[in-house]
Amino acid sequence: MVATVGIIGAGLMGHGIALTFARAGLTVRVHDPAPRALEGLKDRVAASMDAIGCERTAIDDTLRRIAACPALEDALGDADLAIEAVPEQLDLKRSVFLDMEAVAPQGCILASNTSVLPISGIASGLASRERVLGTHWWNPPHIVPLVEVIRTEWTSEAAMDATMAVLSRVGKRPVRVEKDVPGFIGNRLQHALWREAISLVENGICDAETVDTVVKESFGRRLAVLGPLENADLVGTDLTRDIHAAVLSDLERRPGPSPYLESLVESGRLGMDAGKGFREWTPEAARAVRERLSAHLRKLEAILE
């Protein structure tokens with residue numbers, strides 16, 4: 001049974017993953033090569049817990065279970081599960097995994113938190129690939145329930161079972177991804193929607209605000225309780241087939257990024273932090289969106305519980 005978790009990376013995802021395990025009573029050790037990231041780890045955990053309404057006693061109990069480790073071997077030396085949460089760069093992750101394999105106990109499961117990179121590419125240079133898998137946590141990881149657990153061609157069933165079990169034990173909703181494909185399940189679905197959304201704007205059918213309004217004020221309202229295939233069964237597979245026959249041939253099928261998206265990036269329209277992307281953003285408007293999202297996720301979690 002997993003009792004001690006080592007985490008590599010103390011940033012946005014790493015601190016939320018650490019929070020989740022420690023809050024559930026597990027021992028957590030976090031390593032980050034950046035001293036400033038480690039120094040701010042506990043403050044960040046405390047701030048995230050405070051933001052979701054945790055009492056001070058719960059915050060203090062959680063912080064006591066988290067250790068910041070300047071040395072990788074201190075974080076992984078007796079870990080049952082090691083989770084890499086470094087930036088989405090394949091070469092960097094490969095290098096980190098080589099270091100993880102060198103210092104982690106033989107029975108320790110080695111997991112990568114990546115949203116799109118194939119786990120097989122990360123594990124390909126390792127000697128003990130049977131203990132490597134993916135755990136795709138969604139941001140913010142201490143609030144969003146889902147974790148995708150990704151199997152490679154080498155991953156053992158024991159590693160999959162143990163990971164599924166500990167994630168369930170700490171209150172997450174793990175799902176098994178049986179084939180290691182780019183984007184796994186969630187991001188393939190999400191970016192299929194984004195591709196069509198961008199295409200609608202690119203082709204002058206509507207503006208970006210209208211796309212967002214249509215999603216939020218129609219099918220987006222039921223997605224939390226009615227998945228797409230549940231919905232297809234609800235309306236009937238015959239009607240679903242008829243709709244597909246009418247519309248699929250006209251949907252965006254471009255295999256690469258949209259030229260419109262490329263132009264936004266090249267012109268410096270990089271999103272909320274830049275003040276402009278598909279839409280214009282003042283600091284106040286961007287902050288309001290983030291606060292609204294956080295409040296919505298907390299309320300939704302309470303409702304669904």
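For this chain, numbers begin at 1 and follow the sequence in order. In this text, all values refer to a predicted model and were calculated from it rather than measured experimentally.
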Given 3.5 Å as the limit, does a donor-acceptor pair link the side chain of [X] with the main chain of [Y], or not?
X: R253; Y: S249; value: yes
X: K276; Y: L264; value: no
X: D180; Y: S120; value: yes
X: R29; Y: G77; value: no

In one Ile/Leu/Val/Met/Phe/Trp/Tyr side-chain cluster, 4.5 Å: [X], [Y]:
X: M49; Y: L41; value: yes
X: M13; Y: I8; value: no
X: V177; Y: L110; value: yes
X: L26; Y: L19; value: yes
X: V30; Y: L12; value: no

*Going through the checks in order, is the salt bridge (charged side-chain N to carboxylate O under 4.0 Å, His left out) test met by D60 and R56?*
CA-CA 6 Å; D60 291 340; R56 188 66 233 184; 2.8 Å; yes
*Set of side chain to side chain donor-acceptor pair (under 3.5 Å) partners for R279, sequence neighbours left out*: D212
Are any non-hydrogen side-chain atoms of [X] and [Y] less than 4.5 angstrom apart?
X: W154; Y: L126; value: no
X: S168; Y: P174; value: yes
X: P87; Y: L92; value: yes
X: F21; Y: I83; value: yes
X: L261; Y: F278; value: yes
X: F184; Y: I119; value: yes

*Passes side-chain contact (heavy atoms from CB on, under 4.5 Å), R169 versus V166? Steps please.*
CA-CA 5 Å; R169 182 154 53 96; V166 71; 3.5 Å; yes
*Above 12 or not: heavy atoms from other molecules or residues under 6.0 Å from CG of D250?*
no
*How close do S48 and H15 get, heavy atom to heavy atom, and via which atoms?*
OG-NE2, 2.7 Å
*Check against salt bridge (charged side-chain N to carboxylate O under 4.0 Å, His left out), D91 and R94*: CA-CA 5 Å; D91 288 343; R94 283 174 171 166; 3.8 Å; yes
_Nearest-0.5 Å distance, OG of residue S124 to CZ of residue F97_ = 11.0 Å
*asked:* Would you compute the distance between atom OG1 of T152 and atom CD of E178 and round it to the nearest 0.5 angstrom?
replied: 11.5 Å
Does a side-chain N-to-carboxylate-O contact under 4.0 Å join [X] and [Y]?
X: E157; Y: R176; answer: yes
X: E153; Y: R129; answer: no
X: R269; Y: E280; answer: yes

*Could you go step by step and tell me if H191 and V116 meet the side-chain contact (heavy atoms from CB on, under 4.5 Å) rule?*
CA-CA 11 Å; H191 286 275; V116 294; 5.8 Å; no
_Walk me through whether E101 and S128 qualify under side-chain hydrogen bond (donor to acceptor under 3.5 Å, both in side chains)._
CA-CA 8 Å; E101 185 180 47; S128 53; 2.7 Å; yes
*Checking side-chain contact (heavy atoms from CB on, under 4.5 Å) for the pair E88/K93: CA distance, chi angles, key distance, verdict?*
CA-CA 8 Å; E88 293 277 61; K93 288 180 181 288; 3.0 Å; yes
